[in-house]
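Order of the sequence lines sets the chain letters (A, B, ...), proteins ahead of strands, with each chain counted from 1. Since this is a predicted model, take the numbers as computed values, not measurements.
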2 protein chains.
Amino acid sequence: MLSNTNNELLAKGSERHDHERCISDALIRAQKLCQDQKQRLTRTREQVLRLIWQSHQPVGAYSIMDTLAESEGKRVAPPTVYRALDFLLDLGLIHRINSLNAYIGCQSPGHQHHSCFLICQQCQLALEFEPELLKNQIEALQQHSGFAISQQNIELLGTCPQCQQ
Amino acid sequence: MLSNTNNELLAKGSERHDHERCISDALIRAQKLCQDQKQRLTRTREQVLRLIWQSHQPVGAYSIMDTLAESEGKRVAPPTVYRALDFLLDLGLIHRINSLNAYIGCQSPGHQHHSCFLICQQCQLALEFEPELLKNQIEALQQHSGFAISQQNIELLGTCPQCQQ
DNA sequence: ATTTGCTGTGTTATATTGTAACACAGCTAA
DNA sequence: TTAGCTGTGTTACAATATAACACAGCAAAT
């Protein structure tokens, strides 16, 4: 039901998963997707994606900007970051968490691009889950309301297992 | 399943419902809620609520500010509006639509305050639905993830029946 | 290899949304 | 009537995002 196995997911809040692997996998998926779609994963875009994948907490655009400026050793202006973010959003490589004005890596880019997250209000851990879980209910909602739903944007706020302890 | 009967709901996009009644009902509910909770529905707060209820489309804070300034005949500063909005949000009288940075009246204030909307990307009609509909699935999600979910923030984007024609 | 055009970047300025901080007004309860 | 709390006015500013324009640099076609 969730994006990966439970163990993997629960591990994200802790130190238990191989995060280097997590990042490099994401970058490889991105490269592959760009090849397939004949898009260019330029240095800036890749850097921004890498920064976003540094954690499983959503990061703000200005925070990305600052980190990027530091690692590049020169000032980086907002449009630079926002262009990269727009590119990544368009390809479905990242999601925007509206309730936090922040961005987070997508587990399975290339799919129909719904955005479904469990978000911890204490540590900001954001856990993506499959829209599949709500499929039938959303379908019923479409039928009853007459709406044609094209994008799900679901943010469930609460407390993650780690922070409950 | 939806907040009202289907007919009423579907009518909101069109001219078919008695919108004056819709507004005055909302204001009466607000007055009652404030009485119960021993809160003061001041002139500014009531004005803001009334403006928000002018339509079933979410309105931005600065748009409220401008309209208010016009109707009051004098400049209104952002904090004035944001304070009223915060008050109304706290009481559950309105919702914030995060994907639009905008605010909309709540159909049934006083309930556990989840925010579940169908939003038309063409006309911005925002239709609230009952979180009840997804209750079982959210419950299952809590079980599997270990998260304790305290607030649902669901925005389903698409096209309303009117705009599909 | 050169040209041509498109895509991406740099830069400046500015728009939009939301808050902090502080002084004061005005209601409410003793 | 006063004391204290809640709400408002006002100024300044923070945080997030975009417009517009000049230029760079890759990529396909000649």
* **Tyr62(A) ring over dT16(D) six-membered base ring, under 5.5 Å and 30°** => yes
* **Those residues that, when tested against Asp86(B), pass side-chain hydrogen bond (donor to acceptor under 3.5 Å, both in side chains) (two or more places apart)** => none
Please tell me whether [X] and [Y] have a donor and an acceptor in their side chains that are separated by less than 3.5 angstrom.
{"X": "Glu139(A)", "Y": "Gln143(A)", "answer": "yes"}
{"X": "Gln47(A)", "Y": "Glu72(A)", "answer": "yes"}
{"X": "Thr159(A)", "Y": "Gln164(A)", "answer": "no"}

In whole angstrom, what separates [X]'s [atom1] from [N]'s [atom2]?
{"X": "Met65(A)", "N": "dT12(C)", "atom1": "CE", "atom2": "C1'", "result": "14 Å"}
{"X": "Ile97(B)", "N": "dT17(C)", "atom1": "CD1", "atom2": "P", "result": "15 Å"}
{"X": "Asp66(B)", "N": "dA15(C)", "atom1": "CG", "atom2": "C1'", "result": "14 Å"}
{"X": "Leu85(B)", "N": "dT19(C)", "atom1": "CG", "atom2": "P", "result": "10 Å"}
{"X": "Asn98(A)", "N": "dT17(C)", "atom1": "CG", "atom2": "C1'", "result": "14 Å"}
{"X": "Lys38(A)", "N": "dC6(C)", "atom1": "NZ", "atom2": "P", "result": "19 Å"}

* **Contact letters for nucleotides 7-12 of chain D, in which S counts primed atoms plus P, OP1 and OP2 and B counts the base, heavy atoms under 4.0 Å** => SBBBB-
* Any donor-acceptor N/O pair, Glu128(A) side chain to Gln107(A) backbone, under 3.5 Å -> yes
* Do the non-hydrogen side-chain atoms of Arg45(B) and Cys34(B) ever get within less than 4.5 Å of each other? -> no
